[in-house]
Each structure stands twice: as structure tokens, then as C-alpha cells.
Engineer: 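Let me give you the structure first, and then I'll get to my questions.
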Amino acid sequence: MRVLVTGGAGFIGSHVVEALMDRGHEVVVFDALLASAHTRPPKPPADQRWIVADVRDRDAVADALRGVDAVCHQAAMVGLGKDFTDAPAYVGCNDLGTAVLLAAMAEAGVRHLTLAGSMVVYGEGRYECARHGVVRPGPRAAADLDAGRFEPRCPDCGSALRPGLVGEDAPVDPRNVYATTKLAQEHLAASWARNTEGGAVSLRYHNVYGPGMPRDTPYAGVASFFRSSLERGEAPCVFEDGCQRRDFVHVRDVAEANAIALEAVRERAAGTFTAYNTGSGEPHTVGEMARELAQAFGGPEPVVTGEYRLGDVRHVTADSGRLRAELGWRPEVGFAEGMAEFAKAPLRTPPRAA
């Protein structure tokens with residue numbers, strides 16, 4: 001296939017490009033090379049065609065789609081950002097950009113899509129109360145967080161809850177601007193599939209980490225924050241009490257999931273949209289991750305600060321069994337192995353100052 005990879009010069013996108021080429025596909029890289037992700041424009045490899053443009057540029061997208069068989073849409077603003085003033089940028093990049101791309105695909109007759117989704121669409125993960133069974137706690141109150149009460153309680157009786165794995169059929173409940181835009185992207189993709197008889201897959205990424213993560217930016221992930229601190233000789237600062245559960249999945253495994261999904265979507269019935277959780281299947285706490293990374297790096301031990309971000313959720317780990325069963329994907333990089341590699345791997349240099 002000839003595949004257009006939007007955001008193909010970015011952290012995850014560049015690994016997706018490599019995975020696709022390893023499987024024999026021709027790749028066209030489409031990337032705006034924004035300063036928030038790239039300090040200096042990288043040089044395109046000789047075996048790749050690069051288009052430097054914004055995904056909201058209708059003419060550029062239409063030109064990029066000529067001769068393309070499928071699209072892997074990675075271009076997006078990620079992370080929680082600085083504060084709510086980032087909302088217009090998130091909506092513009094993620095939702096308007098996706099709408100422009102899908103409209104151009106509809107016009108060009110390109111009918112196969114994989115989308116970089118996110119587990120943040122669920123809000124909090126799955127919880128069970130001993131008395132009331134599966135429950136859905138609401139957003140945590142600032143007063144509780146200020147008092148160090150980080151665990152959600154049963155909304156019916158106030159009892160302690162047991163976190164578990166959330167499946168793709170769970171109700172969605174985005175808790176911040178980024179999460180809201182990622183859910184909107186999925187709705188747009190599903191609408192596009194129905195209206196064009198195309199096929200779309202959203203891979204709901206967990207906490208992706210690995211070589212090439214950007215450093216020292218509010219738009220990076222927690223693994224990058226910790227690694228950047230260690231490079232400065234500082235202890236990683238772990239928010240809350242460090243016991244919040246996540247699934248840290250290596251970027252090469254995520255890239256391989258994209259390649260497999262893109263090949264599979266060509267065989268799907270027309271007009272279908274499917275979401276797949278994409279995680280390692282090994283939940284760990286943020287504190288565990290910080291300690292593992294600090295030990296592998298040889299830096300200072302993490303410091304638990306008790307600070308919090310109001311848009312964060314406590315526990316979210318999902319069941320990736322559907323992706324494994326239906327598409328045959330298996331993560332290859334274990335937690336300890338991945339963190340040991342990441343502790344020494346190169347990061348992207350800080351973005352240019354505004």
C-alpha cells in the first residue's frame with residue numbers, strides 16, 4: 001500500500017513510518033513540523049517523500065492524498081497542555097484538522113483509515129464496589145485532592161473501590177480538553193466511515209513511551225517529564241501519592257499495532273468503525289515507573305510531592321484483549337526492558353522559545 005502518515009515526523013508517527021516500511025509499504029510523511037514538537041526541522045530520509053504542511057490546509061491535504069491507498073492519522077496536539085487557554089489550539093489541531101483530512105479523503109476516494117486514539121476518552125477506569133458492583137465515580141473534587149484524598153469513592157455509599165480493566169464498550173467520559181478532542185476525532189471518523197462506506201480503526205493508546213520522546217515540554221507524557229528531570233540531575237517529581245495506575249506501552253509496539261490495523265482495515269466491511277485499546281497489559285503505578293526509570297538511569301530517587309492536576313484521573317488501565325484476539329497483535333517490549341532502554345535512549349531536544 002501507499003500510506004499517508006500525518007504527523008509522520010513526530011514521536012509516534014516516525015516509529016509508525018518505520019514499521020510500515022519494514023512491512024513493505026510505501027510511505028508519504030505529512031507533518032507541519034510545529035515548534036512545539038521540533039526544535040529544528042529534521043531531514044527527510046532519501047527513501048521517503050515528505051510534505052511539510054498543516055493538516056488543516058485543504059489544498060495541501062488534497063495534494064498529499066493523490067495516489068494514496070490508506071491514511072494513518074497521527075497528527076495531533078497531545079498531553080494536558082498548560083491550562084484551558086490551550087483549548088482553541090487543541091480543537092483546531094485535533095478536530096478541525098481531522099475534519100479537513102476526512103473531507104479530503106471522501107473527495108479523493110481514499111477509504112481506509114487508522115486513527116491515533118487515546119484511553120483518555122474513558123475518564124476514570126473501571127471500578128467495583130463490594131456492595132454496589134461496577135460503579136462510575138464522578139470527577140474528583142479539588143477539596144479532596146487538597147486534603148490528600150486521591151482515591152475515588154463509591155458514588156452510592158462512599159466505600160473504597162477496587163480498580164480494574166476497562167473495555168472498549170465502556171461508557172466514555174472525557175475529563176479534559178485533550179480527551180474531549182480525542183473523542184470528537186473518533187466520532188468524526190465513525191461518521192466518515194458510514195457516509196463513505198470506508199473502514200476506520202481507532203487505536204486507543206495508553207501511556208506511550210520510548211526513544212524520541214520530546215523533553216521539557218508541557219505537551220509530553222509523564223515518562224518524558226521524569227526522564228528530563230533525571231538528565232538535569234534532579235529527582236523525578238511524582239504527583240499525588242504515586243499510586244495512580246497506568247499502562248505504559250512501548251512506542252515500537254504501538255507502531256506495530258498501527259501497521260497491523262491498517263492492513264486489517266482493508267478487509268473490513270464497508271462503513272465500519274472499530275476502537276481498540278492498545279496497551280501492554282501490564283498495569284503499573286506512576287511511582288513504580290518513576291523508580292524503575294531512576295534506577296535504570298542511575299539518578300536520584302523520585303520524590304512524591306502530593307501535588308495534582310485537576311484534569312487527571314486516578315486509575316485508567318484497559319483490557320487490550322480485543323486487539324490481540326481480532327488482529328493478532330502482541331506487545332513485545334516488557335516494562336523493565338523498555339524502561340532500561342528508555343533511560344539511555346535519545347530524546348527530542350526542547351522546542352524553540354516563543
Engineer: Test side chain to side chain contact (heavy atoms under 4.5 Å, CB included) on Phe150 and Leu145 and set out the steps.
Structural biologist: CA-CA 6 Å; Phe150 300 121; Leu145 298 172; 3.7 Å; yes

Engineer: Which pair of non-hydrogen atoms, one from Ala340 and one from Ala296, has the smallest distance, and what is that distance?
Structural biologist: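 Nearest heavy atoms, Ala340 then Ala296: CA-CB, 3.9 Å.
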
Engineer: Do Val120 and Val91 sit in one hydrophobic cluster, given that two such residues count as connected whenever their side-chain heavy atoms are within less than 4.5 Å of each other, even indirectly?
Structural biologist: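 Different clusters: Val120 never reaches Val91 through Ile, Leu, Val, Met, Phe, Trp or Tyr contacts under 4.5 Å.
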
Engineer: Applying side-chain hydrogen bond (donor to acceptor under 3.5 Å, both in side chains), run through Ser159 and Arg153 and close with a yes or a no.
Structural biologist: CA-CA 6 Å; Ser159 297; Arg153 311 294 288 189; over 6 Å; no

Engineer: Would Arg246 and Asp312 count as a salt bridge (Lys or Arg N to Asp or Glu O under 4.0 Å) if you check the C-alpha gap in whole Å, the side-chain angles of each, and the deciding distance to 0.1 Å?
Structural biologist: CA-CA 12 Å; Arg246 298 291 187 269; Asp312 275 344; 5.0 Å; no

Engineer: Measure from the side-chain N and O atoms of Glu288 to the backbone N and O of Thr285, and report whether any donor-acceptor pair falls under 3.5 Å.
Structural biologist: yes

Engineer: Where do Arg227 and Phe342 land on the side chain to side chain contact (heavy atoms under 4.5 Å, CB included) test, with the steps shown first?
Structural biologist: CA-CA 8 Å; Arg227 170 63 194 281; Phe342 181 55; 3.9 Å; yes

Engineer: Heavy-atom distance under 4.5 Å between the side chains of Val251 and Pro211, does that happen here?
Structural biologist: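 Counting from C-beta outward, Val251 and Pro211 do come under 4.5 Å.
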
Engineer: Is any side-chain heavy atom of Glu282 closer than 4.5 Å to one of Phe248?
Structural biologist: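 No - every pair of side-chain heavy atoms lies 4.5 Å or more apart.
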
Engineer: Just so I know, are the side chains of Tyr205 and Asn277 near enough to count as touching, which here means a heavy-atom distance under 4.5 Å?
Structural biologist: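 Result no, sub-4.5 Å side-chain heavy-atom pair not found.
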
Engineer: What's the spacing between His112 NE2 and Cys72 SG if we round to 0.5 Å?
Structural biologist: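 If I round to the nearest 0.5 Å, the distance is 14.0 Å.
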
Engineer: Between Arg266 and Met1, is there a side-chain heavy-atom distance shorter than 4.5 Å?
Structural biologist: yes

Engineer: Got a salt bridge between Arg49 and Glu26, using NZ or NE/NH1/NH2 to carboxylate O under 4.0 Å?
Structural biologist: no

Engineer: Transitive ILVMFWY cluster of Val135 at side-chain heavy atoms under 4.5 Å: who else is in it?
Structural biologist: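 Other cluster members: Tyr127, Leu161.
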
Engineer: For His15 and Glu256, what are the C-alpha separation, side-chain angles and deciding distance, and is it a side-chain hydrogen bond (donor to acceptor under 3.5 Å, both in side chains)?
Structural biologist: CA-CA 9 Å; His15 286 273; Glu256 191 68 14; over 6 Å; no

Engineer: Under 4.5 Å between any side-chain heavy atoms of Val134 and Arg126, yes or no?
Structural biologist: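 Sidechains of Arg126 and Val134: in contact.
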
Engineer: What do the steps show when you test Arg140 against Glu151 for salt bridge (Lys or Arg N to Asp or Glu O under 4.0 Å), and what is the final call?
Structural biologist: CA-CA 8 Å; Arg140 296 179 294 170; Glu151 292 289 346; over 6 Å; no

Engineer: What's the spacing between Leu101 CG and Phe30 CZ if we round to 0.5 Å?
Structural biologist: 8.5 Å

Engineer: Please list, chain by chain and in numerical order, all residues satisfying side-chain hydrogen bond (donor to acceptor under 3.5 Å, both in side chains) with Thr181, sequence neighbours excluded.
Structural biologist: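 Expected list: Asn94.
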
Engineer: Are side-chain N/O atoms of Tyr308 and Asp146 paired as donor and acceptor at under 3.5 Å?
Structural biologist: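 Yes, Asp146 and Tyr308 have a side-chain donor paired with an acceptor closer than 3.5 Å.
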
Engineer: Tell me yes or no: between the side chains of His284 and Glu292, is some donor less than 3.5 Å from an acceptor?
Structural biologist: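 Looking only at side-chain atoms, Glu292 and His284 do not form any donor-acceptor pair under 3.5 Å.
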
Engineer: Using modelled atom types and a 3.5 Å cut-off, is there a donor and acceptor pairing between side-chain atoms of Asp319 and backbone atoms of Leu165?
Structural biologist: no

Engineer: I'd like to check Leu65 versus Val71 (side-chain heavy atoms, cut-off strictly below 4.5 Å). Are they in contact?
Structural biologist: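 A side-chain contact under 4.5 Å exists here.
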
Engineer: Does Arg204 reach the main-chain N or O of Met119 with its side chain, forming a donor-acceptor pair under 3.5 Å?
Structural biologist: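 Such a contact is absent between Arg204 side chain and Met119 backbone.
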
Engineer: Among side-chain atoms of His250 and Glu337, is any donor-acceptor pair under 3.5 angstrom?
Structural biologist: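 Result is no, nothing qualifies.
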
Engineer: In plain terms, say whether Lys182 and Asp95 are close enough for a salt bridge, that is, a side-chain N and a carboxylate O under 4.0 Å apart.
Structural biologist: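 So Lys182 does not pair with Asp95 through a salt bridge.
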
Engineer: Check whether any side-chain N or O of Asp247 sits under 3.5 Å from a backbone N or O of Ser280 as a donor-acceptor pair, and report yes or no.
Structural biologist: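 Indeed, once roles are kept as given, a pair shorter than 3.5 Å links the two residues.
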
Engineer: Under the salt bridge (charged side-chain N to carboxylate O under 4.0 Å, His left out) test, which residues partner Arg245, sequence neighbours left out?
Structural biologist: none

Engineer: Do any N or O atoms from the side chain of Arg175 and from the backbone of Thr180 form a donor-acceptor pair under 3.5 angstrom?
Structural biologist: no

Engineer: Donor-acceptor pair, distance only, cut-off 3.5 Å: does the side chain of Glu240 make one with the backbone of Val304?
Structural biologist: no

Engineer: Report yes or no: do Trp329 and Ile12 belong to one cluster of Ile/Leu/Val/Met/Phe/Trp/Tyr joined by side chain heavy-atom distances under 4.5 Å?
Structural biologist: yes

Engineer: Charged N to carboxylate O under 4.0 angstrom, Glu332 versus Arg330?
Structural biologist: no

Engineer: Do Tyr209 and Phe297 share a hydrophobic cluster (ILVMFWY, side-chain heavy atoms under 4.5 Å, transitive)?
Structural biologist: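 Yes; tracing contacts between hydrophobic side chains, which count when under 4.5 Å, links both residues.
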
Engineer: Quick check on the hydrophobic clustering: are Leu113 and Leu323 connected, directly or via other members, by side-chain heavy-atom contacts under 4.5 Å?
Structural biologist: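 As far as the 4.5 Å side-chain criterion goes, Leu323 and Leu113 are not connected within one cluster.
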
Engineer: So, taking the atom named CG in Asp57 and the one named CD1 in Ile51, what distance separates them when rounded to the nearest 0.5 Å?
Structural biologist: 10.5 Å

Engineer: Closer than 3.5 angstrom, by distance alone: can the side chain of Glu124 be matched with the main-chain N or O of Arg314 as a donor-acceptor pair?
Structural biologist: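 Yes, the answer is positive, given that a donor and an acceptor are paired below the 3.5 Å cut-off.
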
Engineer: Test side chain to side chain contact (heavy atoms under 4.5 Å, CB included) on Val254 and Leu203 and set out the steps.
Structural biologist: CA-CA 9 Å; Val254 168; Leu203 297 175; 5.9 Å; no

Engineer: Taking atom CD as the centre, does Glu197 end up with more than 12 heavy-atom neighbours from other residues, nucleotides or ligands that are less than 6.0 angstrom away?
Structural biologist: no

Engineer: The test is side-chain hydrogen bond (donor to acceptor under 3.5 Å, both in side chains); show your working for Thr6 and Gln74 and say whether it passes.
Structural biologist: CA-CA 5 Å; Thr6 70; Gln74 304 294 315; over 6 Å; no

Engineer: Looking at side-chain heavy atoms only, is the closest gap between Val286 and Val222 below 4.5 Å?
Structural biologist: yes

Engineer: Does Tyr276 offer a backbone N or O that forms a donor-acceptor pair with the side chain of Thr278 under 3.5 Å?
Structural biologist: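 Judged by distance alone, yes, a pair lies under 3.5 Å.
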
Engineer: I'd like to know if Asp241 and Arg149 make a salt bridge, using a cut-off of under 4.0 Å between side-chain N and carboxylate O.
Structural biologist: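 Looking at Asp241 and Arg149, the cut-off is not met.
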
Engineer: Ignoring hydrogens and angles, tell me if any N or O in the side chain of Ser320 forms a donor-acceptor pair with the backbone of Gly279 under 3.5 Å.
Structural biologist: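 Checked: pair present.
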
Engineer: Taking NZ, NE, NH1 and NH2 as the nitrogens, is one of them in Glu18 or Arg252 under 4.0 Å from a carboxylate oxygen of the other?
Structural biologist: no

Engineer: Would you find a donor on one side and an acceptor on the other, under 3.5 Å apart, between the side chain of Asp31 and the backbone of Ala53?
Structural biologist: no

Engineer: Please report the C-alpha distance between Val16 and Leu262 in whole Å, then the side-chain angles of each, then the deciding distance to 0.1 Å, and finally whether the side chain to side chain contact (heavy atoms under 4.5 Å, CB included) criterion is met.
Structural biologist: CA-CA 11 Å; Val16 170; Leu262 201 59; over 6 Å; no

Engineer: Scan side-chain atoms only and decide if Glu263 and His25 contain a donor-acceptor pair under the 3.5 Å cut-off.
Structural biologist: yes

Engineer: What closest approach, in Å, do Val333 and Gly338 show between heavy atoms, and which atom pair accounts for it?
Structural biologist: CG1-CA, 3.6 Å

Engineer: Taking the side chain as everything from C-beta on, heavy atoms only, tell me whether Asn258 gets closer than 4.5 Å to Ile260.
Structural biologist: no

Engineer: Given side-chain hydrogen bond (donor to acceptor under 3.5 Å, both in side chains), test His73 with Thr114 step by step and report yes or no.
Structural biologist: CA-CA 6 Å; His73 185 31; Thr114 57; over 6 Å; no

Engineer: How many angstroms lie between OG1 in Thr98 and CD in Glu186, if you round to the nearest 0.5 Å?
Structural biologist: 10.5 Å

Engineer: Taking everything shown except Glu234 itself, do over 12 heavy atoms lie less than 6.0 Å from its CD?
Structural biologist: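 Correct, the count exceeds 12.
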
Engineer: Would you say Phe11 and Leu115 are hydrophobically clustered, going by side-chain heavy atoms of ILVMFWY under 4.5 Å?
Structural biologist: no

